Amino acid sequence: MRKGLIVDAVEYDVEAIQDRWLPVWDDLAPFRSGKPDDPRPRKYVLDMFPYPSGDLHMGHAEAYAIGDVIARYWVQKGFNVMHPIGWDAFGLPAENAAIRRGANPKTWTYDNIAQQRESMRRYACSFDWDRTLNTCDPQYYHWNQWLFLKMFERGLAYRKASSVNWCPNDQTVLANEQVVNGKCERCDTVVVKKKLTQWYLRITDYAERLLDDMRPLEGTWPDKVLTMQRNWIGRSVGAEVQFEIEGRDEPVTVYTTRPDTLYGATFFVVAVDSDLAAELVQGSGVEQQFADYLAGVSTMSEIDRMSAERPKTGVFLQRYAINPVNGEKLPVYASDYVLADYGTGAIMAVPAHDQRDLDFARAFDLPVRVVVQSEEDPAQTWVATADDGPHVNSGPLDGLGTAEAVEKVIEELAGANRGRAAVNYRLRDWLISRQRYWGTPIPIIHCPTCGEVPVPEDQLPVELPDPAGLDLQPKGTSPLGAASEWLNVDCPRCGGPAKRDSDTMDTFVDSSWYFLRFLDPHRSDAPFDPQQARDWMPVDQYVGGVTHAILHLLYARFFTKVLHDMGMVDFTEPFSSLLNQGMVVMDGSAMSKSRGNLVRLSDELAVHGVDAVRLTMVFAGPPEDDIDWADVSPAASVRFLTRAWRLSGDVTSEPGVDPASGDIGLRRTIHRLIHDADHAVESFRFNVAVAKVMEMVNATRKAIDSGPGPADPAVREAAEAVAILLSLVAPYTAEDMWARLGHEPSVALAGWPTVDPELVRALAVTCVVQVAGKVKARLEVDPEIGEEDLQALALSDPAIVAALDGATPRRVIVRAPKLVNIVPG
RNA sequence: GCCCGGGUGGCGGAACAGGCAGACGCACUCGGCUUAAACCCGAGGGUCGAAAGACGUGCGGGUUCAAAUCCCGCCCCGGGCACCA
């Protein structure tokens, strides 16, 4: 027994128990991983790292409780578990807080990190505290810059002028993934479009692999997430078709998923904000009308523009495209219903079989030609048809079904060098520049003579300049642009005067590879150690909220594939298994100060203690479901923990006593329940595992009070098993029980109890005897009973004889030893 | 509109692979302890019914000796995508 430990208390005192064990654990450090001589097989358990926007809240408490159960389970099962934590420490909240209070974003961030770190320690998270990282440390973002330059070398990072999403509140551009229903993901402000030159990562090059590599994740990733990613990538199969434009040398290519309807094209549309539209309008005589239309469109918010209800608008450009299959002249329109950055920004319009084209045709009084037969006439109903029927008015395609017609028309177009089969994706390249201060500077120098010049590797990291004296107010251009000392540099190539790129990177870059940095977080000559990556990666279990289903998870998968192609890692997917925990809500809706339904984690911890809060989180239901705090009872958790804890004080046998001589009934129950709990944890049904431990406590209580009594060796075996199983969820209580049972800390390393298969195998089972599917009798039978014996036994049972009432069984189904079903004649 | 999930007591939720529906807990009721209350301990309960029994996992059908579980058709709830050609 350790000096000064009080383990003979008679009352369960939450505060005292927490204060007693926390320093002991600091000292013991039971969760350090990666020692070179550790013979245990490795497991990597990763919780999504938090953003340090304040202290931990209820959501963190749930997520980290769940991750901790998994990590602690594997430790008990004998694995060398790496369970690291760090901070996603760059981002707007720090900057906005700094603006509000005039503080340095760095100070604000590190203060919050210190607070969260202490809260996590007290929350008994089994993190390896030697492996922490902060993405805002230059030692970390150094490697963001290094990776960016590697991508730049490979043509995967590039700058282009394009129409981008602009958040007028945050005064910065956003990636497509960060626009939700036309609003800024972060602040809910309606996003507008702006034409700007920005940095992109070429994630679209990986679209096919991002899609294909999801197949092996089926079963270990939630279907929901896989579906969301598939939708987001949005693969579509079709064809590219070239149209000549009268008076233009080069043909224009369009993308269509329905090349079979080519004969039904009656007009042609280009995106109003595309370069092509700007070119085609030249000399058309409608330049002013076009310019007015374009101006109107560009001030529109994304929400308005996306509305399908909006009537179709456009401008006839006074020009004609030639249908390659029949030479027909198709009028060319500019419209905002065609997107400049999908496909080629131009479409062939087939009003009979595409609702959008039909709406446009109706608005502009254009002809509608049916080329796939169906009962309804789109020109009458104004409903486009999409049936698979025989083609008509389509020359050589007449009579063919859609699949054949698609094949045939592509063949003919290819033969005439007028088109080919093609695949398109909804996914766009990832826009990573941000016009804000608190992020990773983009390591590029703009030189008037040499152009975009990478910062030489030996000059990395490009550190953020001191914010003192800088105006961090959002103003549409990066605050770094005003740091002239920092901004103005000599070109590394020609030595002439040049300027640094003043934008910073999207913070999702930081989180796209942090799981690799944990392997060797202090390394200074590389982002991570390739050998460690071989040893530990991919992550065995990733735990986090579904809010990142597309954003972070897609980007991290993309980075992993890029690193694979660079030869830095030998795997292509970073996370073998993913668990999405639900949210903690109150009275049915998300907690928020403005709603007045905010439950403060610190309050709950102060009232009920760490173990009870953790237990409540885990017992509330399946981990992926939301927890309504109004539906759960942390007080009940305290009650249960107290009952469990008392067992440890009641056991009177000595540690090490052989359980084999203990009460066989209790032993059977306990071993069965350990077995069940084990199974439940393996399949993430932690609430069920807790229920099994509750049953163990109930059974042990009964054995002490009205069974074999406190001295029985089986009672000790049971109490020790309770302590070990409970250590996953309620580490303080479990540690205290362990000490009261006469053991040295830490129970976290005690090892999962071994289940004796002989004890799990039941001595007698209850056999249900049904007549016509209704239970009429129950028999206690030997589990090994033969079918004939069981049938005879069932048929002679008085209750069955009575239920049959003289009728002869027409059929008897025997499933020994569990069930007999008698079908009366 | 399209694509995923999901509907089980008053509530959160159990039910491995078609075989006793409702584990475990909350709330509730009753009893014990207490001067009293809380805490704690014990007992109870799907619904209807006095009982025997009947009915019961969103609704309607089907398969099967047997369906919460499998199949078909609906309804409702949650989520994702949505002018992506």
Side-chain angles (χ1 to χ4, degrees), chain A residues 180-181 222-232 234-236 238-239 254-259 261 269 271 305-310 312 335-339 341-350 353-357 359-360 424-428 546 549-550 615-616 619-622 624-640 642-643 646 673 675-676 679-680 683 685 687-698 701 705-706 765-778 809-815 818-824:
Chain A
V180 178
N181 294 327
D223 286 343
K224 185 179 174 180
V225 173
L226 295 174
T227 305
M228 284 169 72
Q229 293 222 355
R230 286 193 179 107
N231 287 345
W232 188 260
R235 183 180 199 264
S236 87
V254 304
Y255 173 75
T256 174
T257 52
R258 291 297 303 276
T261 62
V269 189
R305 177 161 177 179
M306 296 299 240
S307 165
E309 313 303 317
R310 203 162 54 88
K312 293 281 179 285
S335 175
D336 63 356
Y337 88 89
V338 170
L339 306 175
D341 58 354
Y342 182 79
T344 59
I347 62 153
M348 66 178 205
V350 184
H353 307 299
D354 182 290
Q355 191 59 48
R356 298 154 297 180
D357 296 344
D359 294 342
F360 192 90
N424 241 304
Y425 302 92
R426 213 188 70 104
L427 182 70
R428 307 292 151 82
V546 75
I550 298 174
L615 177 69
T616 305
F619 184 59
E624 53 278 350
D625 289 3
D626 288 350
I627 298 173
D628 195 323
W629 204 249
D631 289 339
V632 298
S633 172
S637 298
V638 175
R639 207 146 57 213
F640 163 68
T642 307
R643 273 168 58 77
R646 284 209 194 105
L673 290 168
H675 172 268
D676 290 352
H679 194 79
S683 47
R685 284 145 50 240
N687 54 327
V688 178
V690 170
K692 298 298 175 186
V693 180
M694 287 172 169
E695 288 188 65
M696 287 169 72
V697 170
N698 293 343
R701 183 79 261 156
D705 291 348
S706 55
V765 297
T766 306
C767 176
V768 177
V769 186
Q770 303 175 324
V771 173
K774 304 274 186 249
V775 180
K776 295 291 177 186
R778 291 160 209 271
R810 183 154 58 88
R811 203 177 150 191
V812 181
I813 294 109
V814 183
R815 290 285 176 274
K818 297 279 287 179
L819 179 128
V820 177
N821 188 7
I822 300 161
V823 189

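On a predicted model such as this, the values are computed, not experimentally measured, just so you know.
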Where do N or O atoms of nucleotides 77-81 of chain B meet protein N or O atoms at under 3.5 Å, pair by pair?
unit_1	atom_1	unit_2	atom_2	d
B/C81	O3'	A/Arg426	NH1	3.0

If the condition is side-chain hydrogen bond (donor to acceptor under 3.5 Å, both in side chains), which residues does A/Asn687 pass it with, not counting sequence neighbours? none
In dot-bracket form, 5' to 3', how is RNA chain B paired? Count Watson-Crick and G-U wobble pairs only if both distances fall under 3.5 Å, and write | where the partner sits on another strand. (((((((..(((......[....))).(((((.......))))).(((....)))..(((((..]....))))))))))))....
Rounded P spacing from B/U57 to B/U47 in Å: 15 Å
Using side chain to side chain contact (heavy atoms under 4.5 Å, CB included) as the criterion, list what pairs up with [X], not counting sequence neighbours.
X: A/Arg235; result: A/Glu208, A/Leu211, A/Val237, A/Val423, A/Tyr425
X: A/Glu624; result: A/Leu579, A/Pro622
X: A/Asn424; result: A/Ser236, A/Tyr255, A/Tyr342

Apply salt bridge (Lys or Arg N to Asp or Glu O under 4.0 Å) to [X] and list each qualifying residue two or more places apart in sequence or on a separate chain.
X: A/Asp676; result: A/Arg672, A/Lys692
X: A/Arg685; result: none
X: A/Asp625; result: none
X: A/Arg426; result: none

When we call it a touch if two heavy atoms are under 4.0 Å apart, what does [X] touch: a base, just sugar-phosphate, or nothing?
X: A/Pro222; value: nothing
X: A/Arg685; value: sugar-phosphate
X: A/Thr642; value: nothing

Which pairs of donor and acceptor atoms, one on a side chain in residues 631-640 of chain A, lie under 3.5 Å apart (sequence neighbours left out)?
unit_1	atom_1	unit_2	atom_2	d
A/Ser633	OG	A/Ala636	N	3.0
A/Ser637	OG	A/Thr616	OG1	2.7

Could I get a table of every N or O pair under 3.5 Å where one atom is in the protein and the other is in nucleotides 26-32 of chain B?
unit_1	atom_1	unit_2	atom_2	d
B/C26	OP1	A/Arg639	NH2	2.8

Atom CD of A/Glu695 to atom C1' of B/A14: distance rounded to whole Å? 10 Å
